[in-house]
Amino acid sequence: MYRQSKKLVNDIERAINGEYSAIQCYANLANLALTEKERKQILEIRQDEIRHFQQFARIYASLTGRQPQPKMMEACPDAYLEGLEFALQDEQKTVDFYLDIAAETSNQYIKEAFRRAAADEQNHAVWFLYFFAKQKQR
């Protein structure tokens, strides 16, 4: 049981770092967007990431009794097309990671939080794929 809860805390910490990184990256990506519509959608996605970050931080604090110390996972590309591809791939990997966390916990609140976040991440991936495909056609 201890090993399982330690893994859960480590996974949640990794999720927090991922959300923190996405928040930073998507601010940059929004500034690189070629249209106002794309910029607004990327900022809306960023708001979802902020909500996930806050929810995961609350879960982490409730499990550990301390606040997380988030850090950037990896650098964001500086070019729009590369940034879209990076975001698309990251969102897709995150869907699987969050579904794994949901499957491995017996805590219903945590399970539902990560299932909902996985659905959001899948939606984000579709938006980034759309923007990426449009950009590739130009």
Side-chain angles (χ1 to χ4, degrees):
M1 188 67 172
Y2 172 75
R3 188 180 351 209
Q4 186 181 28
S5 63
K6 185 166 175 51
K7 181 183 182 324
L8 177 62
V9 168
N10 288 340
D11 284 347
I12 292 170
E13 191 169 29
R14 185 173 144 207
I16 289 167
N17 289 336
E19 294 295 338
Y20 179 79
S21 298
I23 291 165
Q24 310 309 312
C25 285
Y26 297 168
N28 294 338
L29 196 57
N31 289 331
L32 297 171
L34 302 179
T35 69
E36 184 62 17
K37 180 181 176 190
E38 289 178 19
R39 188 183 76 75
K40 283 183 177 178
Q41 186 60 52
I42 293 168
L43 290 175
E44 186 177 306
I45 290 169
R46 184 175 181 269
Q47 281 304 122
D48 287 346
E49 306 296 9
I50 291 169
R51 186 171 35 81
H52 298 160
F53 174 84
Q54 291 169 340
Q55 186 174 34
F56 298 166
R58 284 191 300 273
I59 291 169
Y60 180 88
S62 74
L63 292 174
T64 66
R66 60 186 194 278
Q67 291 301 312
Q69 303 298 312
K71 52 187 171 283
M72 289 291 289
M73 300 275 282
E74 51 189 313
C76 309
D78 289 331
Y80 190 53
L81 185 63
E82 289 80 11
L84 291 172
E85 185 174 22
F86 175 84
L88 167 61
Q89 291 175 3
D90 183 63
E91 295 286 334
Q92 281 299 117
K93 285 186 273 185
T94 301
V95 170
D96 292 336
F97 178 52
Y98 288 179
L99 290 175
D100 288 345
I101 293 172
E104 292 171 4
T105 186
S106 58
N107 181 301
Q108 285 306 117
Y109 179 79
I110 296 172
K111 186 180 290 287
E112 187 54 36
F114 277 90
R115 279 188 187 149
R116 175 63 196 163
D120 289 344
E121 302 296 319
Q122 186 66 60
N123 184 40
H124 300 163
V126 171
W127 276 110
F128 287 129
L129 178 60
Y130 171 66
F131 297 148
F132 180 78
K134 268 181 49 177
Q135 188 64 27
K136 287 291 274 189
Q137 290 177 346
R138 291 186 174 155

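Both backbone and side-chain heavy atoms feed into the values below; hydrogens, waters and symmetry mates do not.
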Worksheet item: How is the hydrophobic cluster of V126 composed, in terms of its other members, when Ile, Leu, Val, Met, Phe, Trp and Tyr link through side-chain heavy atoms under 4.5 Å apart, directly or indirectly?
Response: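 Taking Ile, Leu, Val, Met, Phe, Trp and Tyr as members, V126 stands alone, with no cluster partners.
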
Give a yes or no on whether [X] and [Y] share a hydrophobic cluster (residues Ile, Leu, Val, Met, Phe, Trp, Tyr; joining criterion: side-chain heavy atoms under 4.5 Å apart).
X	Y	answer
L63	I16	yes
M72	F86	no
L99	L88	no

Worksheet entry | Partner set under side chain to side chain contact (heavy atoms under 4.5 Å, CB included) for L32, not counting sequence neighbours |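 Side chain to side chain contact (heavy atoms under 4.5 Å, CB included) check on L32 returns Y80.
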
Fill in: Residue pairs, two or more places apart or on separate chains, that pass ring-ring contact (aromatic ring centres under 6.0 Å, His included) and touch residues 30-51
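Sorted pair list comes back empty.
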
Worksheet entry | Pairs where residues 66-75 contributes a residue and the test side chain to side chain donor-acceptor pair (under 3.5 Å) is met, not counting sequence neighbours |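 Pairs touching residues 66-75 that pass the test: Y60-R66.
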
Worksheet item: Using 4.0 Å as the upper bound for N to carboxylate O, is an ion pair formed by E49 and R46?
Response: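 No, R46 and E49 are not salt-bridged.
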
Discussion item. Using the rule given for side-chain hydrogen bond (donor to acceptor under 3.5 Å, both in side chains), can you reason through E121 versus Q92, listing the C-alpha separation, both sets of side-chain angles and the distance that settles it, and then say yes or no?
Written reply: CA-CA 7 Å; E121 302 296 319; Q92 281 299 117; over 6 Å; no

Discussion item. Set out, in order, the CA-CA distance, both residues' side-chain angles and the distance that settles salt bridge (Lys or Arg N to Asp or Glu O under 4.0 Å) for R51 and D48, then state yes or no.
Written reply: CA-CA 5 Å; R51 186 171 35 81; D48 287 346; 3.0 Å; yes

Worksheet item: Should the heavy atoms of other residues, nucleotides or ligands under 6.0 Å from CG of N10 be counted, would the total exceed 12?
Response: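 Yes.
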
Worksheet item: Do E104 and D11 pass the side chain to side chain contact (heavy atoms under 4.5 Å, CB included) test, and can you show the C-alpha distance, the side-chain angles, and the key distance before you say yes or no?
Response: CA-CA 11 Å; E104 292 171 4; D11 284 347; 3.9 Å; yes

Fill in: Pairs flagged by disulfide (SG to SG under 2.5 Å) wherever residues 39-138 is involved - sequence neighbours left out
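Listed once each, the pairs are C25-C76.
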
Item to complete: Classify the ring geometry between W127 and F131 as parallel (under 30°), tilted (30 to 60°) or perpendicular (over 60°).
Response: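 Plane angle between 30° and 60°, so tilted.
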
Worksheet entry | Geometric class of the Y20/F53 ring pair [parallel <30°, tilted 30-60°, perpendicular >60°] |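 Correct class here is tilted.
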
Item to complete: For E38, check salt bridge (charged side-chain N to carboxylate O under 4.0 Å, His left out) against everything at least two apart and list the hits.
Response: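 E38 satisfies salt bridge (charged side-chain N to carboxylate O under 4.0 Å, His left out) with K134 once adjacent residues are dropped.
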
